[in-house]
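The structure appears below as structure tokens.
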Amino acid sequence: MASDDLRATRLEKADQLRQQGLTPYAYRWPITHHAAQLQAQYADLAAGEEVAVDVAVAGRIMARRVFGKLAFFTLQDETGQIQLYLDKKAFEAEMPDDPTAFDRIKQLTDAGDFLGAKGSVKRTEKGELSVYVRYFEILTKALLPLPDKWHGLTDVEKRYRQRYVDLIVNPEVRDTFRKRALVTAAIRRYLDSQGFLEIETPVLMSEAGGADARPFVTYHNSLDMTLYLRIATELHLKRLVVGGFERVYEMGRIFRNEGISTRHNPEFTSIEMYQAYGDYQDMMTTVEELIVTAAEAILPSLKISYQGEAIDLTPPWRRITMHEAVAEKTGLAFSQFDSLAAAKAAATAAGLKDIAGCDSIGRLLNEAFEQTVEATLIQPTFVIDYPVEISPLAKPHRSQPGLVERFELFIVGRETANGFSELTDPIDQRQRFEAQAARKAAGDLEAQGVDEDFLTALEYGLPPTVGMGMGIDRLIMLLCDCASIRDVIAFPLLKPEVTTGESLENL
RNA sequence: GGGUCGCUAGCUCAGCGGUAGAGCACUCGGCUUUUAACCGAUCGGUCCUGGGUUCGAAUCCCAGGCGACCCA
């Protein structure tokens, strides 16, 4: 039967309800119990036993097993499922002024409808805990059918495009988003307990900054100006530290105009945090505590599995300098090179590819790191002390010329967090901005211009500060063992699917 | 950006050059202990789109759309 016919049948049923003086779209149905509560409370009830209590439940009908004068419905609410035991004789006794009650629930309900039911609790002779229904109301008539009750919805594209259907029929999807909420709540609780204040900063900016990324461009009509969606929260949060807030953070949406993959969605959630009077060594410890707190919110152990790989999140985590890590894999001691040409020759001899574009030893070191080390860092590892060329906002290393006090955390070969002792010297910061601006002028679409107001803020004085940023979506992927970022984003970005002429007219 | 795979009924899938199929769902009939309920009978199609080859295309070819995965 075509979907229009299925829909027409259900519209007809809704009309029949109206003809009986009932609404197919009810207003309220107070419940006394959720499914999981009943399952827990009556876990020990023996088969065939009934408890003379009055309970009220509500949920979506997921399955109907209808006999002549008896029916079993599977009702699903947010917590789980409970069976409804529907007995014609019970309705005749309990709803005597409504003689069509049993016929109504048998004839006019479908899988997908929302139903409210009241009755006692009974475990059937076959052992299924049930609500023995004495009264019910159809709360919302669904017009579209649910996917196959056995196979469910497996088409990946449909699951993303119609996440509401995915959520109805795939419990593990509901579970992922429940866990995501638990993790973000635990992170906020932890930071709040450490004296951090969450302050929201602008999404719309006249100049994007704080990261290397292409921004989205938008437009303000009455101001007649181009605006950019933020690519980081960094520069505003540091302004707040200038203003006197010693510990601030923001967990929020960031927008980067880049490709889409299993690890990239154009809008994603980041957390950035800044702590005055601390340095990057302090922050690494905080990151360990933060991620352990997040993991403990949803997992029984810090020994976890990601896509079949065993990961141990028990701190402390290994800390290794970028120079050491690269030397370990390539045998190259980058600090020994006194010219870029010599470094490139050695790198090529060591088998590195596509290094022609590297215009400094620091960038070459980073390239060597990405090619040889990054993917091998499976267990949590802090890589520290980065080249200044790729770290325009980080403070120079207190003892290593050419390096900055920066760390990146890698887990399963992926960058998970990035932090550094913040650059607080406004003159140095201006020079680094100008170097970035020169790259932008030369055509680097990911480079950003000079943020004059941020420099002014620095001239008023930023105390010694450490900052850290982390991608929340990727953290959830790790903790929930999800292979794709789309599995942890409720409504991932997809291209519109409609292409036929008729449908385009309706857009 | 490149490669591989996929798109057929509401859902899950088969069919791979000769009249478009199955299971579930839906509709009708039967049924008071089912849980993928069962038994019987119906109903249901832009085979992603557009070209091409062919007597004949869901099937072969070309182009495009959307998606998945891998690589950069």
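So you know, we letter chains A, B, ... as the sequences are listed, proteins then strands, and number each from 1. Only heavy atoms go into these numbers, but all of them, side chains included; no hydrogens, no water, no symmetry mates.
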- Message: Nearest to the side chain of His151(A), heavy atoms from C-beta on, is which of rG23(B), rC69(B), rA68(B)?
- Response: rG23(B)

- Describe the nucleic acid contact of Tyr160(A) in one word from base, sugar-phosphate, nothing, applying a heavy-atom distance below 4.0 Å. sugar-phosphate

- Look at all strands and tell whether Val169(A) reaches a base, only sugar-phosphate, or nothing, counting heavy atoms closer than 4.0 Å. nothing

- Tell me which of Ile260(A) and Gly152(A) sits closer to the 5' end of RNA chain B, going by the nucleotide each one is nearest to. Gly152(A)

- Phosphate contact (rC13(B) OP1 or OP2) by Thr154(A) side-chain N/O below 4.0 Å: yes

For nucleotides 1-8 of chain B, list the nitrogen or oxygen atoms of the protein found under 3.5 Å from its nitrogen or oxygen atoms, one pair per line.
none

- Query: Using 4.0 Å as the upper bound for N to carboxylate O, is an ion pair formed by Asp110(A) and Lys13(A)?
  - Reply: yes

- Message: Tell me whether Arg18(A) is salt-bridged to Asp15(A), with the criterion being a basic N under 4.0 Å from an acidic carboxylate O.
- Response: yes

- Query: Which value, in whole Å, describes the distance between the P atoms of nucleotides rA58(B) and rU8(B)?
  - Reply: 15 Å

- C1' atom, rG23(B) versus rC66(B): distance in rounded Å? 27 Å

- Would you indicate what Arg7(A) reaches in the nucleic acid, counting non-hydrogen atoms under 4.0 angstrom: base, sugar-phosphate, or nothing? nothing

- Message: Just N and O in the side chain of Lys13(A): are any of them under 4.0 Å from OP1 or OP2 of rU27(B)?
- Response: yes

- Query: Is the Phe410(A)-Phe369(A) ring centre distance short of 6.0 angstrom?
  - Reply: yes

- Message: Quick check: on RNA chain B, is the nucleotide nearest Leu493(A) upstream (toward 5') of the one nearest Gln107(A), or the reverse? Name the residue that is more 5'.
- Response: Gln107(A)

- The nucleotide from rA68(B), rU27(B), rU35(B) with an atom nearest the side chain of Gln83(A) is rU35(B)

- Query: Does Thr9(A) place a side-chain N or O at less than 4.0 Å from the phosphate oxygens OP1/OP2 of rU27(B)?
  - Reply: no

- Query: Does a salt bridge link Lys106(A) with Asp103(A), judged by any charged N lying under 4.0 Å from a carboxylate O?
  - Reply: no

- Item | Nucleotide of rG10(B), rC11(B), rC66(B) approaching Leu153(A) most closely (side-chain heavy atoms) | rC11(B)

- Task: Using the C1' atom as the reference point in each nucleotide, state the distance between rU35(B) and rC71(B) in Å, no decimals.
- Result: 47 Å

- Item | Cationic N near anionic O, under 4.0 Å, Glu207(A) to Lys440(A) | yes

- Message: If the cut-off is 4.0 Å, is Arg123(A) near the phosphate of rU33(B), judged by side-chain N/O to OP1 or OP2?
- Response: no

- So, does the side chain of Lys69(A) form a donor-acceptor pair with the base of rU33(B) at under 3.5 Å? no

- Message: In whole Å, measure the gap between the P atoms of rA14(B) and rC5(B) for me.
- Response: 16 Å

- How are the rings of Tyr135(A) and Trp29(A) set to each other: parallel, tilted or perpendicular (split at 30° and 60°)? parallel

- Item | Nearest listed nucleotide, side chain of Leu70(A), among rU35(B), rC11(B), rU33(B) | rU33(B)

- Nearest to the side chain of Thr262(A), which nucleotide is it out of rC70(B), rU33(B), rU12(B)? rC70(B)

- Where the side chain of Arg10(A) is concerned, which of rC26(B), rG23(B), rU33(B) is the nearest nucleotide? rC26(B)

- Query: Does the separation of the ring centres of Tyr85(A) and Phe72(A) fall below 6.0 angstrom?
  - Reply: yes

- Query: Under 3.5 Å, is there a donor-acceptor pair linking the side chains of Glu408(A) and Tyr386(A)?
  - Reply: yes

- Message: At 4.0 Å (heavy atoms only), tell me whether Leu146(A) reaches a base, stays on the sugar-phosphate, or touches nothing.
- Response: nothing

- Distance, C1' atom - from rU19(B) to rC26(B), rounded to whole angstrom: 26 Å

- Pairwise C1' distance, rA25(B) and rG65(B) [rounded to whole Å]: 30 Å

